[in-house]
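Got a structure for you, written out below as structure tokens; questions coming shortly.
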Amino acid sequence: MKILVVNCGSSSIKYQVFNMTDESVLAKGLVDRVGIPGTVLKHEPTGKDEVVIKKDLPDHTEGMKLVLEVLVNKEYGVIADMTEIGAVGHRVVHGGEGFAKSTIIDGKVKQVIRECFDIAPLHNPPNLMGIEACQELMPSVPHVAVFDTAFHQTMKPEYFMYALPYDVYRDYKVRRYGFHGTSHFYVSHRAAEMMGKPFEECKIITLHLGNGGSMAAIKDGRVVDTSMGFTPLEGLVMGTRSGDVDPAIVFFLMDKLNMNSDEANSYFNKKSGMLGLSGVSNDLRDIMEAAKSGNERAQLALDVYHNRIKSYIGSYIAELNGCDCIVFTAGVGENGIENREAICKDLDSLGIIMDNEKNKVRGKEVDVSAADSKVRIFIIPTNEELVIARDTFGLAK
Ligand code: AMP
């Protein structure tokens with residue numbers, strides 16, 4: 001069976017086609033600037049040249065129509081006709097408390113996705129738009145939702161509750177959810193395989209460090225704790241997100257900078273983090289370059305970034321009562337040699353010792369721990385699309 005995996009953002013559609021016989025990727029691509037002048041589709045059929053199509057498209061339905069045309073194109077398509085696609089897997093960011101697993105999408109599932117608009121306003125509306133566009137164009141195949149929050153639904157209340165009046169949990173579902181769950185799921189399972197141990201017997205700390213970043217502590221096959229919370233703003237320092245701050249700063253700055261709640265939301269989500277602190281960029285490569293040429297704020301931002309991660313590692317080792325391995329993944333985790341080195345420096349008292357020579361690698365699945373490190377240190381490129389394809393295949397069968 002062939003599976004189409006779709007990930008819709010507010011103005012983008014990412015897709016991949018998998019052949020589930022051998023889990024190979026037949027094609028992947030991206031439609032960018034959907035609904036904005038200058039829409040462009042980049043299609044990469046495996047083993048063939050990239051195809052770029054520029055054509056303004058008003059909405060996700062038109063965007064998906066173009067994707068489907070490209071997939072069956074005689075010259076650069078990868079399937080003879082659409083009947084070859086057995087099911088479609090959709091990435092959905094927020095499933096609230098409703099979903100601990102992927103699920104076939106029906107009216108009720110769409111209603112839950114809609115109910116989460118309030119708490120995931122940037123992600124769930126375009127995710128649902130993508131689902132409805134695909135359902136309209138492919139009404140006879142199953143559509144499956146794979147939630148970023150699902151893996152973290154194994155967290156216990158003592159980890160997901162905030163110390164706020166209980167009513168706000170009961171009335172508004174204010175609690176910690178966690179995100180990047182599909183990525184944490186994939187790399188933690190791979191890590192268990194690399195250690196040759198059953199997943200249910202491992203203590204694993206996963207570090208998904210991209211433009212957004214989160215960590216998870218995993219034990220007995222379940223997520224014990226994760227750094228993102230009610231929204232993806234909590235936790236680590238990110239490209240443009242502050243991560244953890246004293247909540248009193250929000251009220252203080254709303255007052256001082258005369259911001260309403262929307263403006264404050266944007267301030268902490270889009271103007272803070274590495275961008276706000278360094279004043280250089282949200283991209284770690286630019287910040288490292290600036291720091292190397294003597295920019296002190298850039299160096300400070302990097303130090304704050306690394307220290308926050310270190311403090312989470314320490315706290316997660318305490319929560320897990322030890323740890324078999326830590327796993328680096330996503331843009332910074334897979335490629336940031338100096339970042340990984342800075343994070344693991346001086347953690348030997350926790351049993352974490354990196355082999356700095358082995359660490360000089362990018363984007364490969366590899367163990368970079370020193371021979372005398374009690375804790376294994378893995379770099380594992382994430383593959384959220386494969387998890388979505390597998391779940392979709394499993395449910396569609
Ligand atoms: P992602 O969100 O997973 O695509 O990660 C994107 C981020 O990865 C970028 O913002 C960069 O900060 C980071 N990144 C990519 N390549 C490198 C690299 N060679 N060194 C450090 N950071 C990198």
Side-chain angles (χ1 to χ4, degrees), residues 5 7-16 28-30 32 42 44 91 93 122-123 148 179-188 190 206-216 226-228 232-233 235-243 269-293 295 297-309 327-345 354 356 358-366 368 377-388:
V5 171
N7 178 0
C8 282
S10 55
S11 61
S12 68
I13 303 171
K14 283 191 202 145
Y15 63 91
Q16 283 195 23
K28 57 179 157 182
L30 166 72
D32 214 359
K42 287 187 184 150
E44 292 176 49
R91 178 189 182 211
V93 165
L122 299 180
H123 295 105
D148 266 22
F179 300 87
H180 297 138
T182 316
S183 176
H184 291 290
F185 176 91
Y186 176 78
V187 299
S188 58
R190 274 301 298 142
T206 46
L207 293 81
H208 177 107
L209 308 177
N211 193 34
S214 69
M215 289 176 53
T226 189
S227 61
M228 282 178 168
L233 180 57
L236 307 182
V237 178
M238 297 173 236
T240 58
R241 290 175 229 159
S242 63
N269 271 293
K270 297 191 179 151
K271 296 186 184 154
S272 302
M274 298 303 280
L275 173 68
L277 195 48
S278 70
V280 173
S281 164
N282 62 315
D283 193 302
L284 251 68
R285 287 165 291 195
D286 302 337
I287 299 169
M288 287 193 291
E289 216 177 288
K292 275 180 197 146
S293 50
N295 183 324
R297 257 176 71 183
Q299 187 55 55
L300 173 68
L302 287 170
D303 293 343
V304 173
Y305 179 84
H306 296 139
N307 286 344
R308 179 77 52 88
I309 295 168
V327 186
F328 286 95
T329 195
V332 184
E334 292 167 27
N335 301 298
I337 296 169
E338 288 141 315
N339 310 99
R340 290 191 301 254
E341 192 179 320
I343 291 162
C344 290
K345 189 167 179 270
M354 176 175 267
N356 291 338
K358 283 190 192 159
N359 181 48
K360 287 182 181 149
V361 63
R362 294 187 209 281
K364 288 215 174 84
E365 201 172 79
V366 58
V368 297
I377 307 168
F378 294 125
I379 301 164
I380 301 180
T382 193
N383 196 343
E384 290 155 288
E385 291 78 12
L386 180 59
V387 177
I388 297 174

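Keep in mind that this is a model prediction, so the values were computed, not measured. Each ligand, and each atom within it, is numbered from 1 in the order the structure gives.
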- Message: Between S281 and I287 (side chain of the first, backbone of the second, donor and acceptor by atom type, cut-off under 3.5 Å), is there such a pair?
- Response: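 Between the backbone of I287 and the side chain of S281 there is no qualifying donor-acceptor contact (under 3.5 Å).
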- Sort out for me which residue in L207, V237, N339 forms a side chain to side chain contact (heavy atoms under 4.5 Å, CB included) with I309.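 It is L207, the one option of L207, V237, N339 that forms the side chain to side chain contact (heavy atoms under 4.5 Å, CB included) with I309.
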- How would you list, by chain and number, the residues with a heavy atom under 4.0 angstrom from ligand 1?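 For ligand 1, the contacting residues are G210, N211, D283, L284, R285, M288, A330, G331, V332, N335, G336, N339, R362.
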- Expected output: side-chain R308 to main-chain G235 donor-acceptor under 3.5 Å: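 Judged by distance alone, yes, a pair lies under 3.5 Å.
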- Has the side chain of R241 got a donor or acceptor atom that lies under 3.5 Å from a matching backbone atom of N211?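 No; zero donor-acceptor contacts below 3.5 Å.
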- Geometric class of the H184/H208 ring pair [parallel <30°, tilted 30-60°, perpendicular >60°]: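 If you compare the ring of H208 with that of H184, the planes turn out tilted.
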- Query: Taking only residues two or more places apart in sequence or in another chain, which ones pass side-chain contact (heavy atoms from CB on, under 4.5 Å) with Q299?
  - Reply: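 Partners of Q299 by the side-chain contact (heavy atoms from CB on, under 4.5 Å) criterion, ordered by chain and then number, come out as A291, L302, D303.
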